[in-house]
Amino acid sequence: MSIVTPSVELSSYRDQHFKGTRAEQDRLLRTTCTLYVGNLSFYTTEEQIYELFSQCGDIKRIIMGLDKYKKTPCGFCFIEYYIRTDAENCMRYVNGTRLDDRIIRTDWDAGFIEGRQYGRGKTGGQVRDEYRSDFDSGRGGYGKILQQKVGGPLVDFS
């Protein structure tokens with residue numbers, strides 16, 4: 001029997017592209033060994049992710065999130081553990097910690113399906129990176145829409 005703590009409970013987020021009912025998705029989320037990891041730097045490597053997340057248990061595989069067009073990392077990944085207890089430990093102890101100078105977040109995922117490793121934004125990356133107006137060097141500078149209005153990547157010389 002595992003002890004349920006708030007950090008391992010289901011969040012309110014649900015994948016809008018899930019093929020199935022909300023009840024099916026909730027059932028999968030309660031039994032999954034797969035986690036979504038967000039707010040990663042575009043420069044964080046699979047090796048860095050493995051080093052941190054393997055402290056919670058044996059990792060089955062890591063699927064890096066990629067820009068749909070450039071096939072470069074775009075700030076998220078999926079991690080599959082062999083057993084639920086290891087994934088729960090990750091939710092308890094790794095969620096909210098710092099990796100590559102960024103506070104990362106983890107959330108339950110109903111299970112990786114091929115194609116989900118690609119960003120869903122119009123420009124190929126994550127939707128959240130299209131509308132940002134702040135400069136974030138770990139996530140490609142300014143948001144993609146702002147870059148397009150100005151005519152290319154903006155460089156911060158400060």
Side-chain angles (χ1 to χ4, degrees), residues 1-68 70-121 123-132 134-141 143-144:
M1 179 178 136
S2 66
I3 299 167
V4 176
T5 58
S7 59
V8 299
E9 292 174 1
L10 300 184
S11 72
S12 59
Y13 174 79
R14 296 296 179 273
D15 179 7
Q16 308 252 334
H17 297 274
F18 180 80
K19 306 281 190 246
T21 66
R22 173 75 183 249
E24 291 169 324
Q25 188 176 31
D26 285 352
R27 180 186 55 77
L28 288 170
L29 290 170
R30 283 191 295 275
T31 60
T32 188
C33 297
T34 303
L35 299 177
Y36 168 89
V37 181
N39 201 38
L40 294 171
S41 166
F42 289 2
Y43 308 104
T44 300
T45 65
E46 190 171 333
E47 290 78 17
Q48 288 172 286
I49 293 167
Y50 183 85
E51 186 175 324
L52 175 61
F53 285 84
S54 65
Q55 293 179 35
C56 295
D58 291 332
I59 294 174
K60 185 174 185 178
R61 69 178 174 158
I62 297 171
I63 301 107
M64 295 296 288
L66 301 174
D67 181 293
K68 189 180 348 182
K70 299 179 196 165
K71 305 299 187 264
T72 56
C74 68
F76 71 98
C77 74
F78 297 94
I79 299 189
E80 291 181 353
Y81 285 96
Y82 285 99
I83 59 174
R84 173 79 178 194
T85 306
D86 293 345
E88 289 175 357
N89 283 332
C90 182
M91 289 289 288
R92 281 187 189 98
Y93 305 119
V94 177
N95 186 34
T97 62
R98 195 172 288 276
L99 176 62
D100 221 2
D101 210 29
R102 301 186 67 79
I103 303 295
I104 57 170
R105 61 182 178 82
T106 60
D107 205 349
W108 295 111
D109 188 79
F112 177 76
I113 295 169
E114 187 59 37
R116 288 194 57 220
Q117 71 268 39
Y118 299 114
R120 294 177 177 168
T123 60
Q126 287 190 272
V127 174
R128 69 174 280 225
D129 288 314
E130 298 199 337
Y131 298 98
R132 275 188 304 97
D134 62 317
F135 184 84
D136 188 339
S137 61
R139 294 185 72 87
K144 298 290 186 194

Between Leu10 and Asp26, the two heavy atoms sitting closest are CD1-O, 4.1 Å
Is the closest side-chain heavy-atom distance between Arg116 and Asp109 below 4.5 Å?
yes
Measuring from atom OG1 of Thr97 to atom CD of Gln55, what distance do you get when rounded to the nearest 0.5 angstrom?
9.0 Å
Derivation and outcome, side-chain contact (heavy atoms from CB on, under 4.5 Å), residues Ile49 and Ile59:
CA-CA 11 Å; Ile49 293 167; Ile59 294 174; over 6 Å; no
Taking CD in Gln48 as the centre, count heavy atoms belonging to other residues, nucleotides or ligands within less than 6.0 Å. Is the count above 12?
yes
Shortest non-hydrogen pair, Cys33 vs Ala87, comes out as O-CB, 4.0 Å
When every non-hydrogen atom of Ser54 is compared with those of Tyr50, the smallest separation belongs to OG-O, 2.7 Å
Quiz: residues 74-83 side-chain donor-acceptor pairs under 3.5 angstrom, not counting sequence neighbours:
| residue | atom | partner | partner atom | Å |
| --- | --- | --- | --- | --- |
| Glu80 | OE1 | Arg61 | NE | 2.9 |
| Glu80 | OE2 | Arg61 | NE | 3.4 |
| Glu80 | OE2 | Arg61 | NH2 | 3.2 |
| Tyr81 | OH | Phe53 | O | 2.7 |

Let me confirm one number: the NZ-CG distance from Lys68 to Leu66, rounded to the nearest 0.5 Å.
12.5 Å
Rounded to the nearest 0.5 angstrom, the OG1-CZ distance for Thr32 and Arg27 is 11.0 Å
If you measure from CD1 on Ile103 to CG on Leu40, what distance do you get to the nearest 0.5 Å?
12.0 Å
In short, salt bridge (charged side-chain N to carboxylate O under 4.0 Å, His left out) pairs touching residues 97-108 with sequence neighbours left out are Arg98-Asp101, Arg102-Asp136
Where Cys56 and Cys90 come nearest, the two heavy atoms and their spacing
SG-CA, 3.5 Å
Nearest atoms (heavy-atom pairs only) where Met64 meets Thr44
CE-O, 3.7 Å
Distance, nearest 0.5 Å, that separates OG1 of Thr72 from OH of Tyr43:
9.0 Å
Gap between atom CZ of Arg92 and atom OG1 of Thr106 - 0.5 Å precision
11.5 Å
Result for side-chain contact (heavy atoms from CB on, under 4.5 Å) between Trp108 and one of Leu35, Leu28, Thr31 points to Leu35
Decide yes or no on side-chain contact (heavy atoms from CB on, under 4.5 Å) for Leu99 and Val37, but give the supporting numbers first.
CA-CA 11 Å; Leu99 176 62; Val37 181; over 6 Å; no
Please say whether more than 12 non-hydrogen atoms of neighbouring residues, nucleotides or ligands are located less than 6.0 Å from NZ in Lys60.
no
